[in-house]
Amino acid sequence: MIAMFRPLKILLSATRCHPTRCCSDFVSRMRYVNRLKEDDVACAAALQNAHIFLFHRLSPLLKRAEHGTFRPAVLTCSDVQLILERLGSDRILLKESVLIGCSEQNQAQFCLDVGDLDQAAVEEVCEGSFIDLRKSFLLLTGSEAPLVAKGQALLRWHQTSGFCSATGQPTHRNQAGSWRVCSSSGIIYYPKMSPVVIVLVSAGKRCLLGRQSSFPRGMFSALAGFCDMGESLEETVCREVAEEVGLEVHSVSYSSSQHWPFPHSSFMLGCHASVNPAYTQLNVDHSELEDARWFSLEEVNLALQVKTPPKRGDPQVLWLPPKHAIANRLITEWTDHQRRSEEGE
C-alpha cells in the first residue's frame with residue numbers, strides 16, 4: 001500500500017528560522033495571533049485596524065470578482081462602523097467580532113455576524129451577497145474557503161455556547177473569542193471539533209464512492225463517519241466501511257486532515273483503505289447512503305475534469321467534491337498513485 005504520509009521536513013521548512021532573523025514570518029504571525037488571544041487590550045486595539053469578514057446568520061458575505069468568480073468581502077473596521085451607523089445599529093456590535101487569523105501582511109482578521117440587521121440592506125450597502133456556506137464552498141478558491149469556514153465555525157460555537165453545561169449560568173467570552181468562561185464556576189470552554197474519518201476505499205484500479213440524498217445531483221464522495229468514543233482511527237475506518245457498504249478492510253493508511261464546518265465543525269481525518277479485489281460485492285446500508293458504486297480509474301479521471309456541477313436537464317455525469325475538500329485530495333492522490341504505477345515509478 002502506498003505510504004500517504006507527507007514528509008515532515010517539508011512541513012517544517014516553512015517555519016525554520018532565517019539565519020538573519022530571530023524567527024520566520026510564519027512564527028511571527030502565529031505568536032502575534034496568540035498574543036491577541038491572551039491580551040484583551042491588544043486584541044481590541046488590533047480590531048481597529050483589522051480586516052473584517054461579515055456573516056448574516058452564519059452565511060458569509062461574498063462579492064463577485066472577475067471572470068464570474070466570487071471572493072469573501074473584506075471590510076475594514078471603519079467600513080463596518082459606517083454600515084452599522086447607516087443601518088441604525090449600535091457600534092458596540094463590533095465588540096462581538098471574533099478573531100480568526102492574521103494575513104501575511106500581519107493584518108489581524110476578524111469575523112462578525114450581523115444577523116440582527118436586515119439582510120437586503122446590508123447587501124446593498126456592501127454591494128455583495130450573503131450566500132449559504134455550502135454553496136459558498138463551490139464558489140470560493142481553495143485558499144479562501146478554509147478561512148470562511150473557520151469564521152462560521154467560531155461564530156456558530158459562540159451562538160450555541162452562551163450557558164455553562166455544568167451550572168446553567170451565562171458564559172462570557174474573551175475579546176478574541178477564543179474561549180468562554182462560566183460566570184459562576186469559572187469553568188473555561190474552548191471551541192471543539194468532532195473527529196470524523198473520511199476514507200477512500202480501493203480495490204486494484206477501482207475506487208469506491210458513495211452519495212447521500214442531500215448531495216447535489218450527480219455528486220459522489222469518499223465514505224465518512226464520526227469516531228465513536230474509545231475508537232482508534234483505524235478501528236473507525238474498519239467499522240464505518242463495514243456498516244455502510246458491507247466490506248472488510250485489510251489495509252489502512254493516513255493521508256491528511258482538514259477542518260470541515262459541516263454539520264457542526266468536524267475534524268476530518270483522511271485515510272486510504274484497500275479491500276481484497278476478490279471480495280468487492282457491495283451491501284449498501286440505505287439508511288446511511290443513497291448509493292455507493294465502484295468507479296474505474298478512467299471514470300474518476302474524467303470526473304476530475306468537471307469544473308462545475310451539472311445543471312438540471314444536463315446528462316448525468318459523475319461529479320466530485322471541490323478541490324479544497326479533503327475528499328477531492330484523497331481521490332487525486334489515488335489517481336496519481338495509479339498513474340505512477342502504470343508508468344513504473
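Note that this is a predicted model, so its numbers are computed, not measured.
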Leu233 and Tyr254, any side-chain heavy atoms less than 4.5 Å apart: yes

Report, as yes or no, whether the 6.0 Å neighbourhood of atom CD on Gln48 holds more than 12 heavy atoms from other residues, nucleotides or ligands. yes

Is atom CZ of Arg29 surrounded by more than 12 heavy atoms (other residues, nucleotides or ligands) closer than 6.0 Å? yes

Would you say the side chains of Thr332 and Asn328 form a donor-acceptor pair under 3.5 Å? yes

Electrostatic pair Glu235:Arg239 at N-O distance under 4.0 angstrom: no

Shared ILVMFWY cluster between Leu330 and Val196, side chains joined below 4.5 angstrom? yes

Kindly state each residue pair satisfying ring pair (Phe, Tyr, Trp, His ring centres under 6.0 Å) with at least one member in residues 222-247, sequence neighbours excluded. none

Could you list the donor-acceptor pairs under 3.5 angstrom formed by side chains in residues 79-88, with sequence neighbours left out?
| unit_1 | atom_1 | unit_2 | atom_2 | d |
| --- | --- | --- | --- | --- |
| Asp79 | OD1 | Thr76 | OG1 | 3.4 |
| Asp79 | OD2 | Thr76 | N | 2.9 |
| Asp79 | OD2 | Thr76 | OG1 | 3.0 |
| Glu85 | OE2 | Arg91 | NH1 | 2.8 |

Side chains of His259 and Pro146 in contact at under 4.5 Å (non-hydrogen atoms): no

Taking the basic N atoms (NZ, or NE/NH1/NH2) and the acidic carboxylate oxygens, is any pair closer than 4.0 Å for Glu333 and Arg329? no

Tell me if a side-chain donor or acceptor on Thr167 pairs with a main-chain N or O of Gln169 at a distance below 3.5 Å. yes

Under the salt bridge (charged side-chain N to carboxylate O under 4.0 Å, His left out) definition, can you give me all pairs with a residue in residues 195-214, not counting sequence neighbours? Lys205-Glu342, Arg211-Glu290

Please check if the number of heavy atoms outside Lys95 that lie under 6.0 Å from its NZ is greater than 12. no

Taking the side chain as C-beta and beyond, is there a heavy-atom pair between Val275 and Val201 under 4.5 Å? yes

Under 3.5 Å, is there a donor on one side chain and an acceptor on the other for Thr236 and Glu231? yes

Hey, could you give me each pair passing ring pair (Phe, Tyr, Trp, His ring centres under 6.0 Å) that has a residue in residues 70-116? Not counting sequence neighbours. none

Are more than 12 heavy atoms from other residues, nucleotides or ligands located less than 6.0 Å from atom OH of Tyr279? no

Does a donor on one side chain sit under 3.5 Å from an acceptor on the other, for Asp132 and Ser136? no

Does a side-chain heavy-atom distance below 4.5 Å link Asn106 with Cys102? yes

Ring pair (Phe, Tyr, Trp, His ring centres under 6.0 Å) filter on Phe130, not counting sequence neighbours, yields His56

N-O pairing of Arg57 and Asp113 below 4.0 Å: no

Is there a donor-acceptor contact under 3.5 Å from the side chain of Lys63 to the main chain of Cys126? yes

When rounded to the nearest 0.5 angstrom, what distance separates CD in Gln109 from CZ in Phe53? 5.0 Å

Residues that Phe137 engages under ring pair (Phe, Tyr, Trp, His ring centres under 6.0 Å), provided they are two or more places apart: Trp260, Phe262, His324

Is any side-chain heavy atom of His250 less than 4.5 Å from a side-chain heavy atom of Ser274? yes

Give, for atom OG of Ser59 and atom CD of Gln152, the distance between the pair rounded to the nearest 0.5 Å. 7.5 Å

Can you confirm whether Ser265 sits close enough to Pro191 that some side-chain heavy atom of one is under 4.5 Å from a side-chain heavy atom of the other? no

Any non-hydrogen side-chain atom of Pro170 less than 4.5 Å from a side-chain atom of Ser183? yes

Do Cys271 and Val237 have side chains that get closer than 4.5 Å, going by heavy atoms? yes

Do Arg180 and His158 have side-chain N/O donor and acceptor atoms under 3.5 Å apart? yes

Please check: side-chain N/O of Arg173 versus main-chain N/O of Trp179, any donor-acceptor pairing under 3.5 Å? no

To the nearest 0.5 angstrom, please state how far the CG atom of Leu208 sits from the CD atom of Glu244. 9.5 Å

